[in-house]
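Order of the sequence lines fixes the chain letters, A, B, ..., with proteins taken first and strands second; residue numbering starts at 1 for each chain. None of the values given here were measured: they were computed from a predicted structure. As a basis for the values below, the full set of heavy atoms in this structure was taken, side chains included, without hydrogen atoms, waters or symmetry mates.
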2 protein chains.
Amino acid sequence: MADELVRDFLLGFIKLHILYHAKQEPVFGQEFKNELKRHGYDISFGTLYPIFHKLQRNGYLKVEQKNVRGKIRKYYSITRKGTNALERSKAKAKELFDELFMTE
Amino acid sequence: MADELVRDFLLGFIKLHILYHAKQEPVFGQEFKNELKRHGYDISFGTLYPIFHKLQRNGYLKVEQKNVRGKIRKYYSITRKGTNALERSKAKAKELFDELFMTE
DNA sequence: TATGTCGTTATCGGGAAGCGATAATATGAA
DNA sequence: TTCATATTATCGCTTCCCGATAACGACATA
C-alpha cells in the first residue's frame with residue numbers, strides 16, 4: 001500500500017547508501033543486508049548482489065576477498081571514482097529532497 | 001556515469017514528489033514534465049504516464065478532465081488515501097535519508 | 001580421502017518497470 | 001474540411017526486481 005512508496009524510495013536510494021557505507025569501511029553483502037533489516041528494510045540477495053556487481057563493474061567499488069573463519073567474504077570498498085560520484089550525487093539528492101519536499 | 005545515481009534517486013522519489021505536488025494543487029502530465037526539466041531532470045512520458053495511471057488506479061490520485069484552450073488536460077489531485085500515504089511515507093523517507101546518509 | 005556443514009555469494013526465470021518512438025485524441029483555426 | 005497543436009496513450013525492447021535455488025570454499029570429522 002503506502003509502503004510501496006517507501007520501498008521505491010529505498011531502492012532508488014540504495015546505491016548511494018551502499019557507496020556511503022563503503023566509504024566508511026569495507027562492506028560485504030550479508031552484513032549489509034542484515035543492517036538494512038535491522039532498520040526494517042528487507043532486500044533480497046537477488047536484488048542486492050547484482051547491484052554490488054554493477055557498482056564494481058562501473059568502477060565505483062573495488063572488491064577484496066577475505067577468508068573469515070573458513071568462509072569467504074567479498075569486502076567492497078569505495079574507489080576514487082566512487083567517492084567523486086557519491087559526493088556529487090549526494091549534493092544533488094539532498095537538493096532534490098529538500099527543494100521538492102521539505103518546503104512546507 | 002554519476003548521474004545514473006541521481007536518476008535512480010529521482011525515480012525512486014518521483015511518486016512521493018508527484019503526490020506532494022498534487023497535494024498543493026492539481027497537476028497534469030505535461031506541466032509536471034516541464035517543471036522537472038526546468039530543474040534539470042528529464043523523464044519521458046513513457047515513464048511518467050504509467051506512473052500517474054498507477055497512482056490513480058491505487059486510489060492515491062483522482063483525475064478531472066478540463067478543456068483548456070481547445071486542449072484536453074487531465075488534472076490529478078490527491079485523495080485522502082493519497083494524503084495519508086504521503087505523510088507516512090514522507091516521514092519514513094526522511095528518516096532513511098537522514099539516518100543513513102547525512103550522519104557525518 | 002571423503003563427506004558434511006555452514007556462511008556466503010551467484011544465478012535463473014518470470015513478471016514488472018523504464019523509456020524512446022510513435023500513434024491517437026480533441027479542439028480551435030484557417 | 002483540413003490543419004496544426006497541446007496533450008495523453010501505448011508498443012516493444014531492454015533492464016531491473018526478487019524469491020527460489022544452486023554453487024562455492026574452507027574447515028571439521030573420521
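- Comment: Asp3(B) does not engage Lys92(A) in a salt bridge, judged by the lack of any side-chain N to carboxylate O separation of less than 4.0 angstrom.
- Taking atom CD on Gln30(A) and atom P on dC24(D), their separation rounds to 18 Å, with Å as the unit.
- When ring centroids are compared, Phe97(A) and Phe13(B) come within the 6.0 Å threshold.
- Ring centroids of Tyr76(B) and Phe28(B) are separated by 6.0 Å or more, keeping the two rings apart.
- With hydrogens and angles disregarded, no donor-acceptor distance shorter than 3.5 Å links the side chain of Thr79(B) to the backbone of Lys62(B).
- The side-chain hydrogen bond (donor to acceptor under 3.5 Å, both in side chains) check on Lys54(A) picks up Glu4(B), with sequence neighbours excluded.
- Across residues 61-68 of chain B, not one residue has a non-hydrogen atom less than 4.0 Å from an atom of DNA chain D.
- Annotation: the span from Ile43(B) atom CD1 to Lys37(B) atom NZ amounts to 11.5 Å, rounded to 0.5 Å.
- Under the 4.5 Å side-chain contact rule for hydrophobic residues, Tyr49(A) and Ile51(A) do not share a cluster.
- OP1 or OP2 of dT5(D) has not a single side-chain nitrogen or oxygen of Arg73(B) nearer than 4.0 Å.
- dA6(D) atom C1' lies 5 Å from atom NZ of Lys71(B), rounded to whole Å.
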Side chain to side chain contact (heavy atoms under 4.5 Å, CB included) between Glu31(A) and Arg73(A), intermediate numbers included: CA-CA 10 Å; Glu31(A) 169 194 60; Arg73(A) 290 183 186 168; over 6 Å; no

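- Note on Tyr75(A) and Leu86(A): separate hydrophobic clusters, where clusters join Ile, Leu, Val, Met, Phe, Trp and Tyr whose side-chain heavy atoms are under 4.5 Å apart, directly or indirectly.
- First and last contacting nucleotides of DNA chain C toward chain B (any atom under 4.0 angstrom from a heavy atom, 5' to 3' order): dA17(C) to dG28(C).
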With the criterion being N/O to N/O and under 3.5 Å, what pairs connect the protein with nucleotides 14-16 of chain D, and how long is each?
| from | atom 1 | to | atom 2 | distance (Å) |
| --- | --- | --- | --- | --- |
| dC16(D) | OP1 | Lys54(A) | NZ | 2.8 |

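- In this structure, Tyr41(A) places its OH atom 18 Å from C1' of dC17(D), rounding to the nearest Å.
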Show each protein N/O and nucleotides 9-11 of chain D N/O combination with a separation under 3.5 Å, one pair to a line.
| from | atom 1 | to | atom 2 | distance (Å) |
| --- | --- | --- | --- | --- |
| dA9(D) | OP1 | Lys74(B) | NZ | 2.4 |
| dA9(D) | OP2 | His53(B) | NE2 | 2.7 |

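- Within the 6.0 Å centre-distance limit, the rings of Phe9(A) and Phe9(B) are counted as a close aromatic pair.
- Using a 4.0 Å heavy-atom cutoff across all strands shown, Ile43(B) reaches no nucleic acid atom at all.
- When hydrophobic side chains of Ile, Leu, Val, Met, Phe, Trp and Tyr are connected at separations under 4.5 Å, Ile72(B) ends up as a singleton with no cluster partners.
- Lys37(B) places its NZ atom 15 Å from the P atom of dT7(D), with the value rounded to the nearest Å.
- Distance, Leu48(A) CG to dC17(D) C1': 12 Å, rounded to whole Å.
- Leu61(A) and Phe45(A) are not part of a single hydrophobic cluster, where members link through side-chain heavy atoms under 4.5 Å apart.
- Under 4.0 Å is where a charged nitrogen must lie from a carboxylate oxygen, and between Lys23(A) and Glu87(A) at least one such pair does.
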